[in-house]
Amino acid sequence: MNERDSEIISQSLSGYGYIESLDMESSDVIIINTCSIRAKAEQKVMSLLGMLKKEKKSRPELKICVAGCVAQQEGGHLLERMPHVDLVVGTQNIFDIPELLQGCSKGKKIITSMTDSYEIPRFIPEISEATITDVRRVPRPFKKFVTIMQGCNNYCTYCVVPYTRGREISRKKNDIIDEVNVLVDSGVREITLLGQNVNSYGLANKVTETDIPYSFPSLLEDIARISGLKRIRFTTSHPKDLSEDLMRCFRDIDILCHQIHLPVQAGSNAVLKRMNRKYTIGKYLQKIDVLRAYCPDIAITTDIIVGFPGETANDFEQTMILLEKVRYDGSFSFKYSDRPGTKSSELQEKVAESIKSQRLSRFQTRQDEISLEKNSAFIGKSLPVMVESCNVDNCQGRSEYNHVVHIEKNISNTPGDIVDVFIYHAGQHSLQGRIVEDT
Ligand code: SF4
């Protein structure tokens with residue numbers, strides 16, 4: 001989500017003559033697009049802002065902007081802590097950054113993160129000509145994110161998203177289809193549909209098609225008909241909203257990649273209840289079974305939080321048992337950290353840091369073993385791989401299961417081409433191979 005927001009910021013600014021640069025020392029404007037889902041991400045923002053204090057002192061004309069969830073959450077407090085910041089822009093106002101930057105001259109500070117009521121995000125109106133031009137100008141045009149909804153109604157007790165991004169709202173079907181058409185016309189071959197919970201697309205603000213409710217599976221089917229598009233992915237899915245119709249799409253839609261990220265968070269029903277996740281492990285496992293019945297080779301990844309308040313040794317064992325049952329292809333696992341304003345931050349029975357670290361290490365060690373075992377099963381097989389980048393020595397691409405694949409270079413393919421690669425080596429996080437003609 002944040003990566004897409006950063007793209008939007010960059011696209012809007014390019015229309016005003018700004019040129020994107022990664023070199024902070026020579027930049028006139030520094031924009032830090034932030035995430036506050038974990039304490040560590042927020043700490044990094046604060047530490048970067050601290051470092052920029054000296055830069056601002058030596059170049060007072062430099063404009064520093066903080067955007068995204070930390071800006072939304074902190075608002076004016078951020079300026080109290082970091083007075084050298086010029087602009088604080090909440091999640092709903094990123095489209096306004098070019099105008100806001102013009103407004104904050106001669107030491108004037110602007111804060112736009114005080115929204116209590118959330119409007120339909122500004123990306124919903126038709127794509128402007130300027131955006132179309134920008135889309136064609138950005139690098140990696142073969143692969144893009146398309147936001148289909150924003151916000152979340154689920155209120156998991158550990159999560160700040162419903163407070164920082166607002167209530168769930170879906171884009172209109174035609175806006176999304178138009179955007180994908182523009183992207184495909186400009187050379188995009190793979191799109192990833194984005195939302196906090198894409199499975200509930202169209203439900204909260206009732207997207208309809210001639211008065212019939214229009215769901216995420218229908219959207220996938222319509223997008224798959226766009227000629228020239230080679231791959232579709234989506235993220236993220238809430239397990240409680242994963243419908244059989246959606247699972248069937250993995251069997252029926254040729255260009256839907258056989259990959260799903262299905263965050264479970266914990267293996268204990270007691271912990272899931274305290275997290276307000278609204279499913280049990282029994283229900284989750286049933287869905288995994290149905291999913292694999294429709295699509296036996298689907299790669300499944302997940303998110304895990306260890307050390308949620310009150311997580312006992314036995315609760316954690318349930319997470320390890322779940323890992324053995326599902327055998328995830330990969331996972332993002334973290335130690336629980338209190339986030340300001342969340343219900344879980346008020347829960348007692350905090351788990352000691354040392355125990356969280358031990359549990360995380362045990363989970364990750366076993367996950368790495370499983371990932372390696374699963375990746376090794378591809379050795380000796382050929383996989384279609386979309387080329388993403390090439391240098392003088394080799395190319396890198398992605399399988400439909402989302403493996404990073406390192407390819408021996410002897411090809412003249414360009415990013416976005418799909419080539420068959422014979423896999424001869426597997427690691428925990430990537431595969432290695434050569435183009436099939438050479439095997
Ligand atoms: S589903 Fe839960 S974890 Fe995901 S964004 Fe919504 S509240 Fe946060």
Side-chain angles (χ1 to χ4, degrees), residues 1-5 33-42 68-73 90-92 94 115 118 121 123 145 147-171 192-205 215-216 233-243 246 260-281 283-284 287 300-311 319 322 328 331-347:
M1 233 33 209
N2 267 36
E3 205 175 325
R4 175 63 188 133
D5 284 353
N33 190 24
T34 60
C35 166
S36 61
I37 197 128
R38 308 206 188 281
K40 207 168 169 184
E42 193 173 330
C69 293
V70 173
Q72 182 72 36
Q73 201 170 276
T91 50
Q92 307 291 313
I94 55 169
T115 321
Y118 292 90
F123 54 68
F145 294 114
T147 307
I148 64 164
M149 60 199 300
Q150 187 146 312
C152 183
N153 288 350
N154 286 309
Y155 291 94
C156 302
T157 55
Y158 53 83
C159 182
V160 292
V161 166
Y163 310 104
T164 57
R165 290 200 175 258
R167 305 283 292 176
E168 183 179 304
I169 195 154
S170 299
R171 287 179 76 185
T192 301
L193 302 174
L194 281 184
Q196 252 78 34
N197 178 19
V198 291
N199 300 358
S200 60
Y201 170 82
L203 298 181
N205 58 317
S215 64
F216 185 54
R233 303 183 193 272
F234 60 81
T235 195
T236 292
S237 299
H238 194 304
K240 80 174 164 50
D241 296 314
L242 177 61
S243 67
L246 180 53
I260 189 168
H261 186 64
L262 201 57
V264 67
Q265 309 297 4
S268 148
N269 286 332
V271 173
L272 289 175
K273 195 159 184 203
R274 282 201 298 281
M275 289 178 165
N276 192 30
R277 289 292 288 173
K278 302 181 186 125
Y279 51 82
T280 62
I281 286 302
K283 286 255 159 61
Y284 181 89
K287 290 197 177 191
I300 303 174
T301 52
T302 199
D303 292 338
I304 294 287
I305 297 171
V306 300
F308 191 78
E311 183 189 75
T319 300
L322 179 74
Y328 293 103
S331 59
F332 299 96
S333 47
F334 307 91
K335 289 188 276 185
Y336 170 82
S337 58
D338 279 340
R339 307 306 301 121
T342 56
K343 286 208 168 142
S344 64
S345 65
E346 293 160 16
L347 293 173

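This chain uses plain numbering: 1 for the first residue, then up along the sequence. Read the numbers this way: they start at 1 and go in the same order the structure lists the ligands and their atoms.
Judged by the shortest distance from any of its heavy atoms, R277 lies inside the 4.0 Å radius around the atoms of ligand 1.
Numbered from 1 in the order shown, with element, the atoms of ligand 1 that lie under 4.0 Å from a heavy atom of C156 read 1 (S), 2 (Fe), 3 (S), 7 (S). Atoms of ligand 1 lying under 4.0 Å from at least one heavy atom of Y155, given by number and element, are 7 (S). Residue Q196 approaches ligand 1 through these ligand atoms, each under 4.0 Å from one of its heavy atoms: 5 (S).
The proximity of Y158 to ligand 1, defined as any non-hydrogen pair under 4.0 Å, is limited to the side chain. With a heavy-atom cut-off of 4.0 Å, C152 touches ligand 1 through its side chain alone. Contacts between P162 and ligand 1 below 4.0 angstrom, taking non-hydrogen atoms only, involve the side chain exclusively.
Residue contact annotation: H238 places no N/O/S atom under 2.8 Å from atom 2 (Fe) of ligand 1.
To the nearest 0.5 Å, atoms CE (M149) and CD1 (I169) are separated by 10.0 Å.
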Candidate pair S237 and N199, rule side chain to side chain donor-acceptor pair (under 3.5 Å), full reasoning: CA-CA 6 Å; S237 299; N199 300 358; 3.1 Å; yes
Verdict with supporting geometry, E311 and Y336, side chain to side chain donor-acceptor pair (under 3.5 Å): CA-CA 10 Å; E311 183 189 75; Y336 170 82; over 6 Å; no
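Counting only heavy atoms from C-beta outward, the side chains of L322 and Y328 approach each other to under 4.5 Å. Residues N276 and K343 form no side-chain contact, since every pair of their non-hydrogen atoms from C-beta on lies 4.5 Å or further apart.
Between the side chain of T157 and the backbone N or O of R274 there is at least one donor-acceptor pair closer than 3.5 Å.
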